[in-house]
J.: 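Take this structure first; my questions come after.
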Amino acid sequence: MFLDYFLSFALFFFTAIAVFGIFLFLYAKVTPYDDYQMIFGENNTASALGFGGAILGLSIPLYSALVHCVSYLDFVMWAGVAMAIQLIFAFILTRLSGKYSVEKHIHNGDLSVGTFMAFMSISIGLINAGSMSY
């Protein structure tokens with residue numbers, strides 16, 4: 001019996017990790033700047049904050065999907081929705097222009113904008129998670 005429970009745990013856990021990995025790849029594609037270069041190459045804290053917030057913003061609804069799912073397929077569907085919502089949000093927010101240009105401010109390393117991005121992503125994740133609690 002333990003083996004059945006462990007295999008079920010492993011299936012859900014590694015699927016969540018796979019969704020997480022796919023998100024890390026896609027998030028870097030939807031933002032108009034190279035997050036990884038800015039974080040690891042340029043030591044850009046604003047970019048790290050924004051990306052970290054997006055990671056938390058995905059993790060919260062992933063947790064909700066894991067807790068509330070009624071089957072593996074149900075979890076996979078809601079995990080996909082959680083990821084799509086975060087990616088769409090990031091795409092829209094990073095395309096603002098003028099004085100609200102997230103791209104420009106992140107490139108400049110403006111911590112206030114990185115922090116704002118982080119909190120916005122976490123907020124979207126919480127709303128996303130709450131919407132999944134059916």
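These values consider heavy atoms only, across backbone and side chains, with no hydrogens, waters or symmetry-generated copies. Please read these numbers as outputs of a predicted model, since none were measured by experiment.
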J.: If you look at every heavy atom in A79 and A65, which pair is closest and at what distance?
T.: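 Nearest heavy atoms, A79 then A65: N-CB, 4.4 Å.
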J.: Less than 4.5 Å apart, any side-chain heavy atom of H107 and any of Y33?
T.: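 With C-beta onward as the side chain, the pair touches.
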J.: Working to the nearest 0.5 Å, report the span between CZ of F51 and OG of S121.
T.: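 Going from CZ on F51 over to OG on S121, the span is 10.5 Å.
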J.: Nearest 0.5 Å please: distance from the CG atom of L3 over to the OG atom of S8.
T.: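 It is 11.0 Å, given to the nearest 0.5 Å.
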J.: If you take all heavy atoms of G50 and M117, which pair is closest and at what distance?
T.: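 In terms of heavy atoms, the two residues are closest at CA-CB, 4.0 Å.
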J.: Distance from L66 atom CG to D74 atom CG, nearest 0.5 Å?
T.: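 Rounded to the nearest 0.5 Å, the CG-CG separation comes to 10.5 Å.
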J.: Considering all heavy atoms of both residues, which atom of A129 and which atom of S64 are nearest to each other, and what is their separation?
T.: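 Scanning both residues completely, I find the closest heavy atoms to be O-OG, 3.1 Å.
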J.: Using 30° and 60° as the class boundaries, would you call the ring planes of F75 and Y72 parallel, tilted or perpendicular?
T.: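 The arrangement is tilted - the two ring planes meet at 30° to 60°.
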J.: Give a yes or no on whether L111 and I122 share a hydrophobic cluster (residues Ile, Leu, Val, Met, Phe, Trp, Tyr; joining criterion: side-chain heavy atoms under 4.5 Å apart).
T.: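 As far as the 4.5 Å side-chain criterion goes, I122 and L111 are not connected within one cluster.
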J.: If you count the non-hydrogen atoms of other residues, nucleotides and ligands that lie under 6.0 Å from CZ in F12, is the total more than 12?
T.: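 Yes, enclosed.
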J.: Is there a path from L49 to F23 through hydrophobic residues (I, L, V, M, F, W, Y) whose side chains come within less than 4.5 Å of each other?
T.: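 Different clusters: L49 never reaches F23 through Ile, Leu, Val, Met, Phe, Trp or Tyr contacts under 4.5 Å.
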J.: Just so I know, are the side chains of Y63 and I60 near enough to count as touching, which here means a heavy-atom distance under 4.5 Å?
T.: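 A side-chain contact under 4.5 Å is absent here.
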J.: Nearest 0.5 Å please: distance from the CG atom of L58 over to the CD1 atom of I124.
T.: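 Here the interatomic distance stands at 13.0 Å.
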J.: Please check: side-chain N/O of D34 versus main-chain N/O of Y36, any donor-acceptor pairing under 3.5 Å?
T.: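 Answer holds: yes.
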J.: Indicate yes or no for a side-chain donor-acceptor contact from N44 to the backbone of S47 under 3.5 Å, with no hydrogens or angles considered.
T.: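 Side chain of N44 to backbone of S47: a pair is present.
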J.: Out of curiosity, I17 CD1 to I22 CD1, how far, rounded to the nearest 0.5 Å?
T.: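 CD1 of I22 is found 11.5 Å from CD1 of I17.
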J.: Roughly how far apart are L87 CG and I92 CD1, rounded to 0.5 Å?
T.: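 Answer for the CG-CD1 pair, L87 versus I92, is 11.0 Å.
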J.: Would L93 end up clustered with I85 when hydrophobic side chains under 4.5 Å apart are linked, directly or stepwise?
T.: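 As far as the 4.5 Å side-chain criterion goes, I85 and L93 are connected within one cluster.
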J.: If hydrophobic clusters are built by linking Ile, Leu, Val, Met, Phe, Trp and Tyr wherever their side-chain heavy atoms come under 4.5 Å apart, do M38 and F91 end up in the same one?
T.: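 Yes, one cluster joins them.
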J.: Which atom pair, heavy atoms only, marks the closest approach of N128 to P61?
T.: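 Of all heavy-atom pairs spanning N128 and P61, the closest is ND2-CG, 3.7 Å.
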J.: If you look at every heavy atom in Q86 and A54, which pair is closest and at what distance?
T.: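 For Q86 and A54, the tightest heavy-atom pair comes out as NE2-O, 3.5 Å.
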J.: Would you check if V76 and V19 make a side-chain contact, meaning some heavy-atom pair closer than 4.5 Å?
T.: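 V76 does not reach V19 side chain to side chain.
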J.: Specify the closest pair of heavy atoms between A46 and G109, including all atoms of both residues, with the distance to one decimal.
T.: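 Result for this residue pair: CB-C, 3.6 Å.
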J.: For the residue pair V30 and T94, establish whether any side-chain heavy-atom pair is separated by less than 4.5 Å.
T.: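 No, every pair of side-chain atoms sits at 4.5 Å or beyond.
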J.: Would you say F40 and F25 are hydrophobically clustered, going by side-chain heavy atoms of ILVMFWY under 4.5 Å?
T.: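 Looking at the clustering, F25 is in the same group as F40.
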